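Here is the structure we will look at.
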There are 2 protein chains.
Amino acid sequence: MSKEQNLKTAALEKISHLDYFNIAISVDCVIFGYDNKELKVLLIKSDLEEFSGLYSLLGDLVRPDEDLESASYRVLRDRTGMEDVYLEQVHTFGGLGRHPSGRVITTAYYSLIDIKHHKLKLNHNDLHWHSVNDIKELAFDHKTILDTCLCRLREQVMDHPVVFNLLPEKFSLRELQDLYQSILDTDLDRRNFRKKIAIKGWLVDLNEMENNVPHRPGKLYALKKQHHRKGPKTLVLE
Amino acid sequence: MSKEQNLKTAALEKISHLDYFNIAISVDCVIFGYDNKELKVLLIKSDLEEFSGLYSLLGDLVRPDEDLESASYRVLRDRTGMEDVYLEQVHTFGGLGRHPSGRVITTAYYSLIDIKHHKLKLNHNDLHWHSVNDIKELAFDHKTILDTCLCRLREQVMDHPVVFNLLPEKFSLRELQDLYQSILDTDLDRRNFRKKIAIKGWLVDLNEMENNVPHRPGKLYALKKQHHRKGPKTLVLE
DNA sequence: AGTAAATATGTACTTACGACACATTAATTT
DNA sequence: AAATTAATGTGTCGTAAGTACATATTTACT
C-alpha cells in the first residue's frame, strides 16, 4: 500500500469513527388503549416544522445510561404516569431518510394500557387518543411503525393473554368480544368466541354481574393471576 | 430557576447531547446452515481479549450511510460471498454492559444459507460452522442472541417456507424431514410429516429420483418459484 | 438369489373450527 | 302488571386438520 493510500485510509478511518458515533438511537412507543369499542393510540402533535399539522408517536432519544426498555418506560411514565405496563419490542427502523434532522435509528415498542386508569398528565400538551382506524398519515415513518405494531398485536391476540391490559380488571364476555373485534377489525360469532376463550382457560368466573347496563347484565370475569402479563415481555426461549 | 441551576442544566445538556451520540449501533447476523443432519451456525473467534477463546457471531458497526439491512448484507457478503440470502430482523439488544469497550446497541438478524453453495471466503480466518446444539457459551451476549434467533426460526418453520434456503434446489422428502427434525430438535412421524407438507402446497414433484444414496432412492422435489423467499423479509402488513 | 434398509401409502380416532337457532333473563315501555 | 325489547347463555352437526399406527414395495448390497 502506498504512502498516500495509507494517509487516505487513516483519514477515512478517522472520519468513519466519528460518524459511527453520529447516529442517534431512540425508542418509539405505540401506546394502545381501548374506549367506546374502538382501539386507540396515544399521539402527540409533531413539534417539527417539516411535519407541522401531523401527529407522531411518543418517543425519545435513548440516554447513555439506560437500556432500551428503561427508555421506553421513561417515555411511558412521563406521558401516562403509569408504571407496570405491558411492553413488547417489535422492530427496529433504521432507514437513512427517516428523520429530517439527522441519522436516527429507532426501536419500536407497543404497550397496552387501560385508558380509564391513566390520568393524562398532559392535557395542556397536544396529547390525545386517536382511533387507530382513522389514522391516515403520521410524521416521520410513524405510520409504518404503527402498522407494524398493530400487525404484531393481531398476531398475539389469539395465542397470548395480552389484551386484558386494555380492559378493567372485571369485564364481561361481551366487552371482551367487542375488544377482539376492534383489534381484529372483524365480526366474531358469539358462541364460537366464547368456546374459544373458554378453552384457553385464561379466565375466572367472578360470580358477579354487570350493572348499570341498559339490558340483561352478563357475568363478570377476570384474568387469572398466573396469566397476568405486566412489565416488559419476557423472552421465552425454547 | 436559579442561575446556578441554569448553568448546571446547560452543562448537563451539553454532556448529554454528546453522550447521545456516544452510542454505537451494530448488526449481528446469526447465519444458519445445515449439514450432516445438523443445524449449524457460522461463528468467528472473538478478537477481544475479554473473550479470548470464545466464539462470537458475525457483526459490524452500522455505517452512517447505510441502513440496517445494508449493513447486514455487507456482513454476509464479506463473510460468505453470498448475495441473495434470506434475512430477517429478530430483535434489538441494548443492555448497558453488553460490550466491554463501550455502549453498543445491536440489531440481530438471522439468515439461512445453503452451506454447499458458499465458498468460505476466509479459511485463513477463524471462521467455522458450529453445531447449534453444541454451543454452550459465546462472547458478549451472543448466546442469548443465538437462542432468540433459533426460537424465531422454530416459530416460522411450520408456517412459512423459509427453511428451503438451507437446502439445495432439489431435495427428497427425507432430507426435508431430517432438516425439520434438526431445527425443531424432535422426531417426526414420516407419514404425518409428508401429509402436512403436502397440504401446504409449497413443493413441486420433479419426477426425478435421488441417486448416489446407499438405499432405495426417493423422489426429488423443489420449492415452487412463487414461494421463494430470498432477500430481506418483506413486512406483510394487515 | 436373498437380505437389509429405506420409500411410499391409508385408515381410524380424536380434536379443533365454523355455521347456525332457541330459550332465558332483566330492563324498559305501555 | 303485562307486554316488549334486547341482550345473555348454551349445544349440535358437519368439516377440516392432527395423531397414532402397519404393511407392501423398491433398490442396493452381499
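In the text below, chain A, chain B and the rest are named by the order of the sequence lines, each starting its count at 1. Computed from heavy atoms alone, side chains included, the values below leave out hydrogens, waters and symmetry copies. Keep in mind the model is a prediction, meaning the values are calculated, not measured.
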When rounded to whole Å, the NZ to C1' distance for the pair A/K219 and D/dA7 reads 16 Å

How many Å lie between CD on B/E210 and C1' on D/dA28, as a whole number?
13 Å

Indicate the atoms forming the closest heavy-atom contact of A/H142 with A/S56, along with that distance.
ND1-CB, 3.4 Å

Could you tell me whether B/F164 and B/F171 have their ring centroids closer than 6.0 angstrom?
yes

OP1 or OP2 of D/dT10 less than 4.0 angstrom from a side-chain nitrogen or oxygen of A/R194, does that happen here?
no

Looking only at heavy atoms, the pair that brings B/L39 and B/G33 closest together is CD1-O, 3.4 Å

Tell me, please, which residues at least two apart from A/D185 pass side-chain contact (heavy atoms from CB on, under 4.5 Å).
A/N133, A/R154

Residues B/T92 and A/Q89: closest non-hydrogen pair is N-OE1, 2.7 Å

For B/Y34, enumerate each residue passing the ring-ring contact (aromatic ring centres under 6.0 Å, His included) test, keeping only those at least two apart in sequence or located in another chain.
none

How many angstroms lie between atom OG1 of A/T80 and atom CG of A/L58, to the nearest 0.5 angstrom?
9.0 Å

The first and last nucleotides of DNA chain C lying within contact of chain B, meaning any atom under 4.0 Å from one of its heavy atoms, run from C/dA6 to C/dT11

Under the ring-ring contact (aromatic ring centres under 6.0 Å, His included) rule, collect the residues that match up with A/Y221, sequence neighbours excluded.
none

A/H215 or B/P217, whichever maps to the more 5' nucleotide of DNA chain C:
B/P217

For side-chain contact (heavy atoms from CB on, under 4.5 Å), just list the numbers for B/W129 and B/D35, CA-CA rounded to whole Å, side-chain angles, deciding distance to a tenth of an Å, and then say yes or no.
CA-CA 9 Å; B/W129 291 103; B/D35 190 30; over 6 Å; no

Going 5' to 3' along nucleotides 13-24 of chain D, which nucleotides have protein heavy atoms under 4.0 Å from the base (write B), which only from the sugar-phosphate (write S), and which from neither (write -)?
-----SBBBB--

Does A/K224 have more than 12 heavy atoms from other residues, nucleotides or ligands lying within 6.0 Å of its NZ?
yes

Those residues of residues 173-182 of chain A lying under 4.0 Å from DNA chain D by at least one heavy atom:
A/R174

